[in-house]
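Notes follow once the structure below has been shown.
Keep in mind the model is a prediction, meaning the values are calculated, not measured. Residue numbering restarts at 1 for every chain, and letters A, B, ... go by the order of the sequence lines.
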Number of protein chains: 2
Amino acid sequence: MALDHALLVSLREKPSSGYELARRFDRSIGYFWHATHQQIYKVLARMEEAGWVAAEVQAGETAPDRKVFSVTATGQGELSRWLAEPLTPEATRDALMVKLRGAAFDDPARLLPEFQRHRDAHAERLAGYRQIEARDFSGPLDRQRALQYQVLKSGLRFETAWLEWCEEAMDLLHRFDNNKETNP
Amino acid sequence: MALDHALLVSLREKPSSGYELARRFDRSIGYFWHATHQQIYKVLARMEEAGWVAAEVQAGETAPDRKVFSVTATGQGELSRWLAEPLTPEATRDALMVKLRGAAFDDPARLLPEFQRHRDAHAERLAGYRQIEARDFSGPLDRQRALQYQVLKSGLRFETAWLEWCEEAMDLLHRFDNNKETNP
DNA sequence: AGTTGCAATGCAACTCGTTGCATAGATCGT
DNA sequence: ACGATCTATGCAACGAGTTGCATTGCAACT
């Protein structure tokens with residue numbers, strides 16, 4: 001339900017085609033919201049029907065035709081309405097936590113490669129965020145920029161937390177592994 | 001797809017009826033994984049069909065009959081297989097981030113109540129976790145306990161991060177509000 | 001000339017999960 | 001005696017999201 005609004009925000013930031021949105025959702029925006037192109041096309045079609053967005057077809061000379069969407073007044077109204085509406089708190093779902101608890105019923109050391117992968121992935125993301133921070137948010141910021149920076153800051157905070165927690169978990173798993181070797 | 005495995009882990013920790021699982025998923029386990037009872041019954045039925053779990057009907061003298069499920073050898077095999085298998089990295093989805101970026105196209109101060117709610121919710125959770133920590137994880141811990149504690153620690157870490165980030169975001173939103181008042 | 005890859009859009013089938021409803025006995029306050 | 005609430009299980013319909021496939025055309029490599 002909220003992909004609609006994520007797309008509205010993204011289209012307010014910059015009117016775009018479905019394809020463009022899909023690519024943006026694979027990059028910067030995708031760090032806090034993800035969607036496939038099929039889903040995006042579906043939602044765009046629905047929102048066009050509802051009058052929240054309007055499309056302008058740009059005939060490409062070299063490239064294929066693009067349908068560039070922008071947010072209508074109705075769409076902006078819906079966005080404002082949604083912003084004021086309380087979110088129903090989302091359920092956390094993390095399979096890695098399930099796995100860690102599941103390790104009690106298996107050889108815990110077998111989880112180490114998985115945690116290594118996750119630690120590396122989070123380290124990579126953190127590095128990516130720091131690059132974006134240095135590149136886009138070092139000077140003085142207007143309102144829109146400041147808000148975007150605050151969103152990025154959540155990424156920095158959470159990836160750091162992930163990284164530290166993964167290290168801690170790996171220490172724990174290693175400890176079980178050593179116990180097994182020294183106490184046969 | 002992973003609710004199956006979350007249930008397997010939960011049933012390994014303690015064989016239970018669907019109803020019991022549903023309640024447990026509303027409490028401790030629900031902090032890192034959530035499911036409704038309908039979904040749980042559905043998945044239990046599927047897993048019973050597949051032979052991952054087996055049910056024993058307990059006829060209640062006073063209470064209604066209960067179907068108590070436990071994990072079979074096949075189910076344990078599946079759990080081990082899943083534990084070793086790499087997770088496909090889950091997409092982050094946070095509507096609050098979308099809202100914060102969306103605030104650029106609306107009156108940012110209107111988001112303050114929403115952030116207050118979220119801050120309070122995270123503070124409450126954090127307090128809950130700290131209680132669980134003091135109650136269940138202060139003495140020496142066996143392997144299973146230690147793993148559960150490590151999962152709880154992620155909750156402590158992330159709720160702290162949320163709390164701090166919400167405060168920071170609220171400061172920012174307040175600043176826009178003041179700017180508006182002093183620069184009309 | 002042929003293959004690979006990218007830009008661009010979309011349909012169809014499926015799975016996962018939610019919402020709403022139904023049932024039925026037990027317990028408990030008023 | 002009556003309604004409310006809790007235990008306990010489940011169906012049906014829907015919506016959101018994924019997976020797989022299809023199409024069209026251009027560009028670039030081999």
Side-chain angles (χ1 to χ4, degrees), chain A residues 1-8 11 15-27 29-30 32-50 53 55-69 82 87-95 98, chain B residues 1-8 11 15-27 29-30 32-50 53 55-69 82 87-95 98:
Chain A
M1 184 57 103
L3 176 57
D4 305 50
H5 302 100
L7 289 179
L8 285 179
L11 288 176
S16 316
S17 69
Y19 187 85
E20 231 177 312
L21 283 168
R23 272 198 331 190
R24 239 190 296 165
F25 270 63
D26 274 347
R27 302 166 188 225
I29 302 174
F32 63 93
W33 201 277
H34 163 264
T36 60
H37 77 271
Q38 288 88 344
Q39 188 63 15
I40 289 171
Y41 283 124
K42 243 187 263 184
V43 173
L44 280 175
R46 195 205 305 150
M47 292 200 297
E48 191 181 13
E49 179 114 14
V53 297
E56 189 199 351
V57 177
Q58 289 185 349
E61 310 110 36
T62 67
D65 292 1
R66 304 165 65 236
K67 280 172 79 177
V68 176
F69 292 90
W82 177 73
L87 284 173
T88 50
E90 280 193 75
T92 47
R93 262 181 209 182
D94 205 303
V98 177
Chain B
M1 184 54 102
L3 175 58
D4 305 48
H5 302 100
L7 289 179
L8 285 179
L11 288 175
S16 316
S17 69
Y19 187 83
E20 232 176 312
L21 283 169
R23 271 199 331 187
R24 240 191 295 165
F25 270 63
D26 273 348
R27 300 164 190 231
I29 302 174
F32 64 91
W33 200 276
H34 164 263
T36 61
H37 77 272
Q38 288 88 345
Q39 188 63 16
I40 289 171
Y41 283 124
K42 241 186 267 184
V43 173
L44 281 175
R46 195 206 304 152
M47 291 202 296
E48 191 180 13
E49 179 114 16
V53 297
E56 190 199 352
V57 177
Q58 290 185 348
E61 309 112 35
T62 66
D65 293 2
R66 305 166 63 237
K67 280 174 77 176
V68 176
F69 291 90
W82 177 73
L87 285 173
T88 49
E90 280 194 74
T92 47
R93 263 185 208 179
D94 205 303
V98 177

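Under 4.0 angstrom from either OP1 or OP2 of C:dA7 there lies at least one side-chain N or O belonging to A:Tyr19. The phosphate of D:dT9 (OP1 or OP2) has a side-chain N or O of B:Ser17 nearer than 4.0 angstrom. Within the structure, a side-chain polar atom (N or O) of B:His34 is placed less than 4.0 Å from OP1 or OP2 of C:dT18. Residue A:Arg23 places at least one side-chain N or O closer than 4.0 Å to OP1 or OP2 of C:dA7.
Each of D:dG10, D:dT18, C:dT18 was ranked by its minimum atom distance to the side chain of B:Gln39; first place goes to C:dT18. Here C:dG10 is the nucleotide among C:dT18, D:dT18, C:dG10 with the atom lying nearest to any side-chain atom of A:His37. Picking from C:dC16, C:dG17, C:dT9 the nucleotide with the shortest atom distance to the side chain of B:Arg46 gives C:dC16. Side-chain atoms of B:Tyr41 lie closest to D:dT9 of the nucleotides D:dT18, D:dT9, C:dG10.
Taking atom CD of B:Glu20 as the reference point, atom P of D:dC6 lies 17 Å away to the nearest angstrom. The separation between A:Leu44 atom CG and C:dC11 atom P is 12 Å, rounded to whole Å. In this structure, A:Ile40 atom CD1 and C:dC11 atom P are separated by 15 Å, rounded to whole Å. The distance between atom CD of A:Glu56 and atom P of C:dT9, rounded to the nearest whole Å, is 13 Å. Atoms CZ (B:Arg66) and P (D:dT9) sit 7 Å apart, rounded to a whole Å. Taking atom CZ on A:Arg24 and atom C1' on C:dA7, their separation rounds to 16 Å, with Å as the unit. The interatomic distance linking A:Leu21 (CG) with C:dG10 (C1') rounds to 15 Å, in whole Å. In this structure, A:Leu3 places its CG atom 16 Å from P of D:dG15, rounding to the nearest Å.
Using a 4.0 Å heavy-atom criterion, one finds that B:Lys42 contacts the bases of the nucleic acid, with or without backbone contacts as well. Across all strands, B:Gln38 comes closer than 4.0 Å to base atoms (heavy-atom distances).
Between B:Leu8 and A:Val98, the closest side-chain pair of non-hydrogen atoms is not below 4.5 Å. When side chains are defined from C-beta on, A:Asp94 does not count as touching B:Leu87, because their heavy atoms never get closer than 4.5 Å.
D:dA22: Watson-Crick or G-U partner is C:dT9, with both key distances under 3.5 Å.
Comparing B:Phe69 and B:Arg93, the nucleotide of DNA chain D nearest to each residue sits closer to the 5' end for B:Phe69.
Each of B:Phe69, B:Trp33, B:Phe25 was compared with B:Leu7 under the side chain to side chain contact (heavy atoms under 4.5 Å, CB included) criterion, and only B:Phe25 meets it.
Residues B:Ser16 and B:Leu21 come closest through the heavy atom pair CB-CG, 4.1 Å. Across every non-hydrogen atom of A:Arg93 and B:His34, the tightest pair is NH2-O, 3.4 Å.
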